[in-house]
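Structure record follows, encoded as structure tokens.
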Amino acid sequence: MTVTRLYHIADVLKLWPFFKEGILYEAKYLRYDHPIDVYRRILFTLVRDHMHGWVAIATDDSSGDPLAFVLAHDVTPIHSDRREFEVSMFYYRHGNKPAIRQIQDRLDAHCRENGIHRYYLTTSSFCSTAERVFKDSWRGLERSNTVFKRKVF
């Protein structure tokens, strides 16, 4: 398995069918209701902004097929001296949880190298299943809080 951080829009375009598959799958659980074009533009922004965005993909060494991806971006609070990132979305094809851990290792290294103190993930589910899935896919996560959303219009 190979983990690659993406730096160019061409990388997103080449892998767009896989990104689209994952985004459509995850967006319904995260209750993100943006058009797919918004996610495409988000990916373009994240891969171009090397200081504030981070996109990585794991691929199978033998076939080159994509297995998993992680999207993260800077969410450092104003005036804070400790940088923070949010993993806004991650996706893996069935049976490829180890790919997330390998991507996590690369994200951890990126954070250490760039003074990023902490990153977090959110889930739309407040249940033991979500906690089990997160702890099964990621290492070292601690429950912090729950996100509540309100649709205004």
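Everything numeric in this text was worked out from a predicted model, so none of it was measured. Atoms considered below: every heavy atom in the structure, side chains included; atoms not considered: hydrogens, waters and symmetry mates.
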### Task
Could you go through the side chain to side chain contact (heavy atoms under 4.5 Å, CB included) check for F44 and V55 one step at a time?
CA-CA 10 Å; F44 288 175; V55 177; over 6 Å; no
### Task
Step by step, work out the side chain to side chain contact (heavy atoms under 4.5 Å, CB included) result for V47 and Y7.
CA-CA 5 Å; V47 298; Y7 290 97; 5.8 Å; no
For [X] and [Y], which heavy atoms make the closest approach, and how far apart are they?
{"X": "Q102", "Y": "V3", "result": "CB-CG2, 3.8 Å"}
{"X": "Y39", "Y": "H34", "result": "CE1-O, 3.3 Å"}
{"X": "I57", "Y": "F19", "result": "CD1-CZ, 4.4 Å"}
{"X": "F18", "Y": "A68", "result": "CZ-N, 3.6 Å"}

For the pair [X] (side chain) and [Y] (backbone), establish whether a donor and an acceptor sit closer than 3.5 Å, ignoring hydrogens and angles.
{"X": "R82", "Y": "P77", "result": "no"}
{"X": "R5", "Y": "R106", "result": "no"}
{"X": "N96", "Y": "A99", "result": "no"}
{"X": "N114", "Y": "I116", "result": "no"}

Contact check, side chains of [X] and [Y], non-hydrogen atoms, under 4.5 Å:
{"X": "L6", "Y": "F69", "answer": "no"}
{"X": "T4", "Y": "D11", "answer": "no"}
{"X": "I23", "Y": "E26", "answer": "no"}

## Note on the structure
Tested for side chain to side chain donor-acceptor pair (under 3.5 Å) against Y119, the lone hit among E84, R83, H73, Q104 is Q104
### Task
Kindly write out the residues that satisfy salt bridge (charged side-chain N to carboxylate O under 4.0 Å, His left out) with D37, not counting sequence neighbours, or none if the list is empty.
R40, R41
### Message
Clusters formed by hydrophobic residues whose side-chain heavy atoms approach within less than 4.5 Å: which one holds L67, and what are its other members?
### Response
M1
I need the [X] [atom1] to [Y] [atom2] distance, nearest 0.5 Å.
{"X": "H52", "Y": "L46", "atom1": "NE2", "atom2": "CG", "value": "11.5 Å"}
{"X": "L15", "Y": "K20", "atom1": "CG", "atom2": "NZ", "value": "14.5 Å"}
{"X": "D60", "Y": "D65", "atom1": "CG", "atom2": "CG", "value": "6.0 Å"}

### Steps toward side chain to side chain contact (heavy atoms under 4.5 Å, CB included) verdict (E21, L24)
CA-CA 5 Å; E21 168 190 317; L24 292 173; over 6 Å; no
## Note on the structure
From the list L71, L121, I103, side-chain contact (heavy atoms from CB on, under 4.5 Å) with F90 holds only for L121
